[in-house]
Amino acid sequence: MPEHEADGSPHTATPQVADFLRRRREQIAQRWADEPLFRTVFTVSRDEAVEAGKAVVDALAEVADAGRVEDPDAAGFSGVREQLARMGTARSRAGLSVTQVSSELSALWPPVDNLLLADLDQAPPEQVRTCAITLSRLLGTLRLVAMQTALSEGQALIDRQRMQLLEVATPVIKLWDGIVAVPLIGTLDSARSQVVMETLLNSVVEQHARFAILDITGVPTVDSLVAQHLMKTVAAARLMGAECVVSGIRPAIAQTIVHLGLDLGSVLTRASLADALAYCLHQLGTDIVDATPGGANLR
């Protein structure tokens, strides 16, 4: 055997592992196709799971060629990150915990290790040991990449769902022709205030609204940053050609605004949503009357 092939150093083990992965690509993919991680994700056909396995083996071989077996940012992993994320997310949605998904990823190592040992049955023990260690590190990095990608995808999904919940929790209601309202309930933080502004302004354009009511009766508290967001929303609505009315300012919120020294002199306010609606209707030339036995009385 040539001297460099007998060398058991990690430096020469990485190209040997890369060569092994390419030669045994088909066998590895076939064995992986029977593992739960591949079998339960690629359910259309076994061939689909085999092809997915081949893509992962190719990525591992590329990483080994580059000598970056412990680097999760190695360029070789870029081509399979989306696939790994899909696999990890699919198993998480199936009810598996992060630990269980990690265990399924770990289960990919024994089939490959067995093939490596069979491939090196005539090699010196030191070479077998270093190649096995290199392969173990490489597959450990693959597991790390898969978990990082799956967690990132999971966080992105959570962020999207959070934004969807914010939008659902910020409905814009058409009260009358030319009048829209946003009844706010619950904590009003900066993120939600931004959603309120965007949703309200879009509705002003879509409904051709002349008046927009921000009802904060159900908001328990408002800090200085949120109050500034509300004032910006009022200003933005005016730029869109709509007059904005803030209603339902509770005593505690009024005291907070005063203590913070915020000037709401330019903001039109009303005690309740009903008062705000009555004001808007009056401005539109429409009045609310009470039906009484003696006739109609203007409210």
Side-chain angles (χ1 to χ4, degrees), residues 1-43 45-81 83-88 91 96 99-150:
M1 178 181 296
E3 182 179 351
H4 72 277
E5 292 185 2
D7 186 2
S9 68
H11 179 72
T12 57
T14 49
Q16 291 173 21
V17 169
D19 178 65
F20 156 75
L21 290 170
R22 290 193 174 93
R23 284 187 291 102
R24 298 293 189 177
R25 176 174 180 261
E26 180 68 30
Q27 293 97 318
I28 295 171
Q30 290 288 344
R31 296 192 181 191
W32 279 356
D34 295 325
E35 294 294 329
L37 184 62
F38 282 85
R39 187 182 68 248
T40 56
V41 173
F42 301 97
T43 57
S45 68
R46 191 175 186 279
D47 290 341
E48 183 187 19
V50 171
E51 290 303 315
K54 289 179 180 178
V56 176
V57 174
D58 290 340
L60 292 173
E62 183 178 342
V63 172
D65 266 338
R68 301 172 64 183
V69 296
E70 294 182 288
D71 183 4
D73 296 322
F77 289 122
S78 59
V80 293
R81 284 185 184 275
Q83 177 180 301
L84 293 172
R86 173 189 170 191
M87 294 165 67
R91 298 304 286 148
L96 272 70
T99 302
Q100 290 172 315
V101 175
S102 179
S103 295
E104 289 193 351
L105 285 163
S106 298
L108 300 180
W109 176 71
V112 188
D113 187 55
N114 291 336
L115 283 173
L116 177 68
L117 295 178
D119 207 57
L120 298 176
D121 62 336
Q122 300 298 320
E126 184 62 20
Q127 181 185 352
V128 175
R129 188 182 69 84
T130 54
C131 286
I133 291 174
T134 300
L135 178 64
S136 176
R137 289 174 177 171
L138 179 60
L139 288 171
T141 305
L142 173 68
R143 182 176 63 175
L144 177 60
V145 170
M147 295 306 299
Q148 286 180 338
T149 307

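Here the structure is a predicted model, which is why all the values come from computation and not from measurement. Just so it is clear, the values below take in all heavy atoms, side chains as well, and ignore hydrogens, waters and symmetry mates.
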Contact summary for [X] and [Y], nearest pair of heavy atoms:
X	Y	result
Cys131	Leu120	CB-CD1, 3.8 Å
Ala52	Gln83	O-NE2, 3.0 Å
Ala29	Lys54	CB-CG, 3.6 Å
Asp65	Ala18	OD1-CB, 3.3 Å
Arg31	Pro111	NH1-O, 3.7 Å

Value rounded to 0.5 Å, distance of [atom1] in [X] from [atom2] in [Y]:
X	Y	atom1	atom2	result
Gln16	Thr134	CD	OG1	8.5 Å
Arg23	Leu115	CZ	CG	10.5 Å
Leu108	Asp113	CG	CG	12.5 Å
Leu105	Met87	CG	CE	7.0 Å
Phe42	Glu51	CZ	CD	10.5 Å
Leu37	Arg143	CG	CZ	12.5 Å

Are the side chains of [Y] and [X] in contact, using a 4.5 Å heavy-atom criterion?
X	Y	answer
Glu62	Asp58	no
Gln27	Asp119	no
Leu60	Leu139	yes
Val63	Thr141	no
Pro72	Phe77	no

**OP:** Mind running side chain to side chain contact (heavy atoms under 4.5 Å, CB included) on Leu142 and Leu84 for me, showing each step along the way?
**Re:** CA-CA 9 Å; Leu142 173 68; Leu84 293 172; 3.9 Å; yes
**OP:** Evaluate the criterion side chain to side chain contact (heavy atoms under 4.5 Å, CB included) for residue pair Arg68 and Thr14; output intermediate values, then yes/no.
**Re:** CA-CA 9 Å; Arg68 301 172 64 183; Thr14 49; over 6 Å; no
Original post:
Are Val57 and Trp32 close enough, and set up right, to give a side chain to side chain contact (heavy atoms under 4.5 Å, CB included), and what steps lead you there?
Top reply: CA-CA 10 Å; Val57 174; Trp32 279 356; 3.6 Å; yes
Subject >> Salt-bridge present (Asp34, Arg46; N to O < 4.0 Å) >> reply: yes
**OP:** Determine yes or no for a side-chain-to-main-chain donor-acceptor pair under 3.5 angstrom, with Asn114 supplying the side chain and Pro110 the backbone.
**Re:** yes
**OP:** Kindly say whether Ala132 contributes a backbone atom to a donor-acceptor pair with the side chain of Ser136 at under 3.5 angstrom?
**Re:** no
**OP:** With side chain to side chain contact (heavy atoms under 4.5 Å, CB included) as the test, would you mind laying out the steps for Leu138 and Leu21 before giving the verdict?
**Re:** CA-CA 11 Å; Leu138 179 60; Leu21 290 170; 3.8 Å; yes
Original post:
Just checking, any donor-acceptor pair under 3.5 angstrom between side chains of Gln100 and Glu104?
Top reply: no
